[in-house]
Structure formats: structure tokens, C-alpha cells
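The next block holds one structure in the form of C-alpha cells; read it before the comments.
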Amino acid sequence: MNIWRLMLTELKAIISDKAIAVTLFGGVLFYSILYPLPYLNQVPTEQQLIVVDLDHSSLSRQLIRHADASAKIQVIGQVGSITEAKRFIETRKAHGLLVIPEGFRRDLMLGKGVTLSYGGDASYFLIYSAVAEGLVSAGMDAGKQVQLIGMLAQGTNPKQAEQNLNSMHLNSVPAFNPSLGYTPYVVPGLFLLILHQTLLIGTGILGAGQWRQKGYWQQVSPVQLLCGRILAFMLIYLFFTSFYVGYCYHWYHVSIQASLGTVALWLLPFLLATAAAGVAMSTLFTRRDLPTQVLLLISMPILFVSGFVWPIALIPEPLVLGSQFIPAVPAIMGMLELNQMGASWASVMPKWLQLWGLFAVFFGLAILGIKRRVRLLAEANQL
């Protein structure tokens, strides 16, 4: 059996196996919609706020108007006590509260410090941070207005007072995420992780189901079997990767800095190393359900050690070092640098060589694992 006929046989085995077909084709398509879904609105805005105004002054009303004008907050009403405000949050009618203390305007005019109290539903961190950010901005605006009134009362020229209050104008221009949204930030790394995990699961299920019985995998050498299997999965994942990096990146408005050829060159060793790792891992199992269970359990740890959702500096050093043997980790970090940050090829070359090194290591481990499984199967048949 030559390598091309073996590859076609492998493709037939993959497509005819319902568990593998659902994992590969269904999983890749399903997760392309499911995972980005929570981030489609990019950032939380117009979060409902309830106000407890104990001052009832012109300045407190101005503060409420500033809060309502913020893109992060929508003031839905006022109540007379904190207990009532908490009831709004408990019943999900509001996500945050603002308490303006009695004597707010008087104390500010006298130059005394005033404490504004605010809180929110911390069970949703993004919502809570949006409420806090909006209220801090509104409070700072109100403070500037009080300072302006004080300067004008002291006879300061209005233009000079404005310049003193706004002495520095910050013109912030995002370098790598123009929309400042979560989708362009999360999706690129997440899609590579999906490709990594589904490829490992597919190769794991196929191998684990074959090592217990006779078949074409005994009629070829371990090297030939491994090459044919890798080629078969690479052909399938050529379309999956093109779908993710091409269509899905465009659909979710992910910024692209690198050329198509550069991205393809980068992803080649990633897919090869992952396929070889999947075959090597499959030789550890003889039950078809175990590869899926194991890989689902380690998906979240891989996501965190990849470094794009959690700072690498806050992860224990042994975990960081151990994660370098997982193809997804250098692939994700290098892809983000190359395609989202516009890094040069020279700067990501060490990670690219690392992926080729992982491919060589897992290729050797897969050969040893296949030889062991074939030998054990032969011994079992003799008995």
C-alpha cells in the first residue's frame, strides 16, 4: 500500500467514524459560533444604574446627568435608601448603585473631601467594571466642575482656568486592537486552541479505537502509517484553518497584519506538531472515550498558560516551562505577535523553530508508540 492509497484509506476511516466526524466537522463549525458569541458586543455599555441622592442639590443632579451621559451607564431611576437600591440589584433590575451623601454640594464648596459610594453586581466582572469605570469618570467630571467654579470665584480668567484643569490632552490610539473590543483580542488565540484540541481529539479517537483489533494499520510500517495519518488530517485541517483564519477573522473583524503566505508558513509546523502529538497520545489509550475526556480537562489550563488571557508573570514558572511542550502555546503567542501586532518574522523565528522541534519529538514518540501497540496486538493474537 503506497502512501497516497494509505492517506485515502485514513480519510475514509476518519469520515466514516461518527465520533471523529462530529468532533472535527461539527466541533470546528459549532465552536466558531459558540465561543465568540459572548464577545460580539465587544464591551459592556449602558449598564442600568439606580441612584440614592441624599443631597438633592443642583450639583448632585449634575453628577447624575454626567453619569447618565456616560456610554457605560444608564440611570434608570432614583430611590430614597440604600436598601431599596440593593433590592433593584437583587432582582436584576439594575446592575449598580450610586449613593450621593447629604451635604455633597456644601462640603465641596467648602473645599472638604466628599466620598461617593458606588457598588454593583460583582458576579459579572465585565459589567461591574463598566459600572465602576463610568461612575469614576462621572465623579472626576463633577470634581473638575467644582474646581472650575472655585477658580472663577477667585477671579481667574476663564480660559486660564480651563487650561489649568485640562493641562494635558491625551490622544490615545490603540496599536493592536483599534476597536478596544474583546472579540479581536480573544478570538485569534481561541481559534488556534480549538484547532489544536479538535485535532488532538480526532487523532486520539482514531488511534485508540484501532490498537485493539486487526486492520490496515498492521499491514504498513509505523513510519508509513504515521505519515499517511498526518497527511490525511493535514488535508482536512487545511480547510478548517482557512475557514478560521480567512472567513471567521473577516466576519469577526479581527485585525490582520501579516500576509497569507506568512500565516501559512507559521501554521504549517503547528499543525504537523499537533497531528504527531495526537498520534503519539493515541498510543496511550485503548478506549475511544478517554482521549476526549483527558483533552477536555486540560483545555482551560492550556488556555491560561498560553498567556493571552492571563499574564505569564502570574503563572508559576514550572507550569510555564512545561507548557512549552504543548504545540498550541508557542503557536498562539507567535500568531498573535505576527498577525495581530505586526511583528517581524525574525522576532517569531525562535517559536517557529520550537514548533518544528516539537514536531520532531512527537514524530519520534509516535513511531515508538505505534511499534509498541503493534507488538502488543501481535502478542495478543498469538495467545
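Note that the numbering runs from 1 along the sequence shown for the chain. Quick note: numbers below take in every heavy atom, side chains included, and nothing from hydrogens, waters or symmetry partners. Quick caveat, the model's predicted, so the values are computed rather than measured.
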Met300 CE to Ile302 CD1 distance, which is reported to the nearest 0.5 Å: 11.0 Å
Cluster link Leu267 to Leu265, ILVMFWY, side chain under 4.5 Å: yes
Side chain to side chain, Leu49 and Gln74, heavy atoms closer than 4.5 Å: no
Min side-chain heavy-atom separation Ile230-Phe359 under 4.5 Å: yes
Common cluster, Leu235/Leu24, ILVMFWY with side-chain heavy-atom separation under 4.5 Å: yes
Residues Glu84, Val52; criterion side-chain contact (heavy atoms from CB on, under 4.5 Å); working and verdict: CA-CA 9 Å; Glu84 292 181 66; Val52 182; over 6 Å; no
Sole candidate of Phe243, Tyr247, Tyr244, Phe240 that passes ring-ring contact (aromatic ring centres under 6.0 Å, His included) when paired with Phe191: Tyr244
Any side-chain heavy-atom pair of Val51 and Leu97 under 4.5 Å: no
Separation between NZ of Lys93 and CD1 of Ile50, rounded to the nearest 0.5 Å: 9.5 Å
Closest contact, heavy atoms only, Ile370 versus Val279: CD1-CG1, 4.0 Å
Side-chain H-bond candidate by donor/acceptor type, Thr198 with Tyr237, under 3.5 Å: yes
Connected via hydrophobic side-chain network under 4.5 Å: Leu260 and Leu195: no
Side chains of Phe362 and Thr274 in contact at under 4.5 Å (non-hydrogen atoms): no
Salt bridge (charged side-chain N to carboxylate O under 4.0 Å, His left out) assessment of Lys12 paired with Asp17: CA-CA 8 Å; Lys12 183 178 179 181; Asp17 191 307; over 6 Å; no
Spacing of CD belonging to Gln257 relative to CD belonging to Glu337, to within rounding of 0.5 Å: 13.0 Å
Contact check, side chains of Val329 and Ser323, non-hydrogen atoms, under 4.5 Å: yes
Side-chain touch Trp217/Glu10, heavy atoms, less than 4.5 angstrom: no
Nearest-0.5 Å distance, CG of residue Leu199 to OG1 of residue Thr23: 11.5 Å
Side chain Trp211, main chain Ser282, donor-acceptor under 3.5 Å: yes
Any pair counted as ring-ring contact (aromatic ring centres under 6.0 Å, His included), so long as it reaches residues 328-349, sequence neighbours left out: Trp345-Trp352
Co-membership, hydrophobic cluster, residues Val28 and Leu296, 4.5 Å side-chain: no
Check: Tyr31/Gln197 side-chain N/O donor and acceptor closer than 3.5 Å: no
Cluster overlap Ile82 with Val79, hydrophobic side-chain contacts below 4.5 Å: yes
Arg229 side chain reached by Met7 side chain, heavy atoms, under 4.5 Å: no
Validation row: Arg372, Leu368 side chains within 4.5 angstrom (heavy atoms): no
Spatial distance of atom CD1 (Ile194) from atom CZ (Phe30) [nearest 0.5 Å]: 10.5 Å
Residue pair Ile73, Asp68: steps toward the side-chain contact (heavy atoms from CB on, under 4.5 Å) verdict: CA-CA 6 Å; Ile73 297 171; Asp68 192 39; 5.7 Å; no
Main-chain N/O of Ala343 paired with Ser347 side-chain donor or acceptor, under 3.5 Å: no
Shortest non-hydrogen separation from Phe270 to Pro327 and the atoms involved: CD1-O, 3.8 Å
Nearest non-hydrogen partners of Pro291 and Met281, listed with the distance: CB-CE, 4.0 Å
Donor-acceptor under 3.5 Å (Arg373 side chain, Thr283 main chain): yes
Pairwise distance CG(Leu336) to CG(Leu338) - rounded to 0.5 angstrom: 10.0 Å
Least distance between heavy atoms, Lys371 atom then Pro222 atom: CG-CG, 3.5 Å
ring-ring contact (aromatic ring centres under 6.0 Å, His included) partners of Phe233, counting only residues at least two apart: none
Where Phe363 and Cys227 come nearest, the two heavy atoms and their spacing: CZ-SG, 4.0 Å
Donor-acceptor contact present, side-chain Gln213 to main-chain Gly209, <3.5 Å: yes
N/O donor-acceptor pair under 3.5 Å between Asp55 side chain and Ile100 backbone: no
Glu102 atom CD, neighbour heavy-atom count above 12 within 6.0 Å: no
Nearest non-hydrogen partners of Met333 and Ser306, listed with the distance: SD-O, 2.5 Å
